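Bear in mind that the values here come from a model prediction, so they are computed numbers and not experimental data. We name chains A, B, ... by the order of the sequence lines, and we start the count at 1 in each one.
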2 protein chains.
Amino acid sequence: MSIHLLLADDQELVRSALGALLSLEDDFEVVASVGRGDEVAPAALAHHPDVALLDIEMPGLDGLAAAAVLAEQAPGCKVVILTTFGRAGYLRRAMEAGAAGFVVKDAPAEVLAETIHRVMAGERIIDPALAASALAAGESPLTARERDVLVAARSAATVAEIAAALYLSEGTVRNYLSTAIAKTHSRNRTEALRFAEDQGWL
Amino acid sequence: MSIHLLLADDQELVRSALGALLSLEDDFEVVASVGRGDEVAPAALAHHPDVALLDIEMPGLDGLAAAAVLAEQAPGCKVVILTTFGRAGYLRRAMEAGAAGFVVKDAPAEVLAETIHRVMAGERIIDPALAASALAAGESPLTARERDVLVAARSAATVAEIAAALYLSEGTVRNYLSTAIAKTHSRNRTEALRFAEDQGWL
DNA sequence: TCTCGCCCATGACATTTGTCATGGGCCACC
DNA sequence: GGTGGCCCATGACAAATGTCATGGGCGAGA
């Protein structure tokens, strides 16, 4: 009895390679493979996978948001998040979205196969060290707008650009940046952004 | 007659998956697999691969530097760079280091197998669009110290920190940043850093 | 020898960023 | 109704960043 898998990762070569790796397991069958977050739910509805393996950083919808959509539209499909970064905020959001497993790409291949089996057996699989850091990190202290401003700061060079992008005055942007900087115990917005990203808060 | 391959990628799961993918080809054999750039040359000397597939961003030594070491120490081993980012500067540096091929992880799996075969046949394989963008981008206009300062700016929050890290005065750092900002046609150091990274100049 | 480019530095100053105070509007909760 | 938190804004000002001028030292190449 095969476990049907859906793969979602925007890098085609990596996605094919994961498919090849999983095909080495006798009881796994990759029934769908997509490169964008917004293609996950439609593919799940079409192919009825038992487990969806979702990368986080994808175009169209990130893997965490795709997991939330799956929880609503295909609740029978379990989710394992596969990610480059074991960020506390990612883990928290994955669990909140109902993910049953969370695997970091640094992990040995056996961890992935084992995670899938245990998830199928009804367990929720989290690395204890990651769980500890997620609990220690607590929730993001940032308000929605502080987060918006930090996200906008990723691609903007100046406060004026952030302000234009979010339809705010420059003074307001400076205030939001200031509070974000304080909450992250940073010295400037670059450091605040880096910290919030590392925590998976964005 | 198998083509012997060496794999270098710091993410173990991805590395194993690539190994599985390549094993699907009858004439490929993965003879070595490492997770750090500084392990590449020793592994090549121990296992005599025909082709080394090197990720760029790895601890210990980046894939481009590892390629240069291979060119010296194991000149019979051809190099294919495997990268997340098709940055012009990466391509340029890869070619300068003697790499015979350059594959972006977004590419379909068949491109990788084909690249390896053609490299074995003596060709140098570059995507024409990437080559065009590398030629259009030209060489990095940054001096060594400008680059050092930008690299230091990745993890530093303030000019004072960059200065301390590089044993320079703050005024000197501000000058180097200023020239780097001008050369990259940026508005501040954050944007200059982003641009230089996107070009693969760092 | 001369020239040029890179490295490094000081200093003056313009511009931008970040801090803080203040306050109005709105909503949820006690 | 009152309170607190979030959103948004203005304004004053301190601190940091970025610009520009200037100049000494050094090495490579003509």
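Checking the phosphate oxygens (OP1, OP2) of D:dC6, no side-chain nitrogen or oxygen of A:Thr143 falls inside 4.0 Å. Contact check, B:Ser169 against C:dT10: a side-chain N or O comes under 4.0 Å of OP1 or OP2. Between B:Thr158 and D:dA16 there is no side-chain polar atom (N or O) within less than 4.0 angstrom of OP1 or OP2.
The nearest whole Å value for the distance from the CD atom in B:Glu191 to the P atom in C:dT16 is 14 Å. Atom C1' of nucleotide D:dA14 and atom CZ of A:Arg187 are separated by 18 Å, given to the nearest angstrom. Distance B:Asp148 CG to C:dC6 P: 14 Å, rounded to the nearest Å. Counting to the nearest Å, the P atom of D:dT19 and the NE2 atom of B:His185 are 12 Å from each other. Taking atom CG on A:Leu142 and atom P on D:dG5, their separation rounds to 16 Å, with Å as the unit. Atom CD1 of A:Ile162 and atom C1' of C:dT16 are 12 Å apart (whole Å). Protein atom CD of A:Glu170 is 14 Å distant from nucleotide atom C1' of D:dG11, rounded to whole Å. Per the geometry, CD belonging to A:Glu146 stands 13 Å off C1' belonging to D:dC8, to the nearest Å.
Nucleotides of DNA chain D nearest to B:Val159 and A:Tyr176 differ in position, and the one nearer the 5' end is that of A:Tyr176. Toward the 5′ end of DNA chain C lies the nearest nucleotide of B:Leu166, the other residue of the pair B:Leu166 and A:Thr190 mapping further downstream.
Considering only side-chain atoms of B:Leu168, the nucleotide from C:dG18, C:dC8, C:dA21 that sits closest is C:dC8. Comparing atom distances between the B:Arg174 side chain and each of C:dC7, D:dC8, C:dA12 picks out C:dA12 as nearest. Candidate nucleotides D:dC7, C:dT17, C:dA21 were compared by shortest atom distance to the side chain of A:Arg145, and D:dC7 ranks first. With D:dT17, C:dC6, C:dT10 as the candidates, the nucleotide lying closest to the side chain of B:Arg189 is D:dT17. Among the nucleotides D:dT19, C:dT10, D:dT10, the one closest to any side-chain atom of B:Ile181 is D:dT19.
Comparing the helix axis at one end of the helix from C:dT1-D:dA30 to C:dC30-D:dG1 with that at the other, each defined from 5 consecutive pairs, gives an inter-axis angle of 30° (nearest 10°).
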**Report entry** Audit row: B:Met58, B:Arg36, side chain to side chain contact (heavy atoms under 4.5 Å, CB included) steps and yes/no
**Finding:** CA-CA 6 Å; B:Met58 293 191 283; B:Arg36 299 174 53 88; 5.9 Å; no

Query raised in the report: Run the side chain to side chain contact (heavy atoms under 4.5 Å, CB included) check on B:Leu82 and B:Asp9 step by step: do they pass?
Result: CA-CA 9 Å; B:Leu82 209 41; B:Asp9 190 299; 5.8 Å; no

Query raised in the report: Can A:Trp201 and A:Leu150 be said to form a side chain to side chain contact (heavy atoms under 4.5 Å, CB included), step by step?
Result: CA-CA 10 Å; A:Trp201 288 341; A:Leu150 277 185; over 6 Å; no

Report task. Tell me, with the steps shown, if B:Phe28 and B:His117 meet side chain to side chain contact (heavy atoms under 4.5 Å, CB included). Result -> CA-CA 10 Å; B:Phe28 290 168; B:His117 285 124; 3.5 Å; yes

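Ion pairing between a basic and an acidic side chain is recognised when a charged N comes within 4.0 Å of a carboxylate O; B:Arg147 and B:Glu139 show no such pairing. The existence of a salt bridge linking A:Asp55 and A:Lys105 is confirmed by a sub-4.0 Å separation between a basic side-chain nitrogen and an acidic carboxylate oxygen.
A 4.5 Å side-chain heavy-atom check between A:Leu13 and B:Leu21 finds at least one atom pair inside the cut-off.
Within the nucleic acid shown, B:Ala182 has no heavy atom closer than 4.0 Å to any nucleic acid atom. Among the heavy atoms of the strands, none lies under 4.0 Å from A:Ala160.
Pairing each heavy atom of B:Phe85 with each of B:Tyr90, the nearest pair is O-CD1, 3.7 Å.
Residue side chain A:Asn175 reaches the base of D:dT10 through a donor-acceptor N/O pair under 3.5 Å, judged by distance alone.
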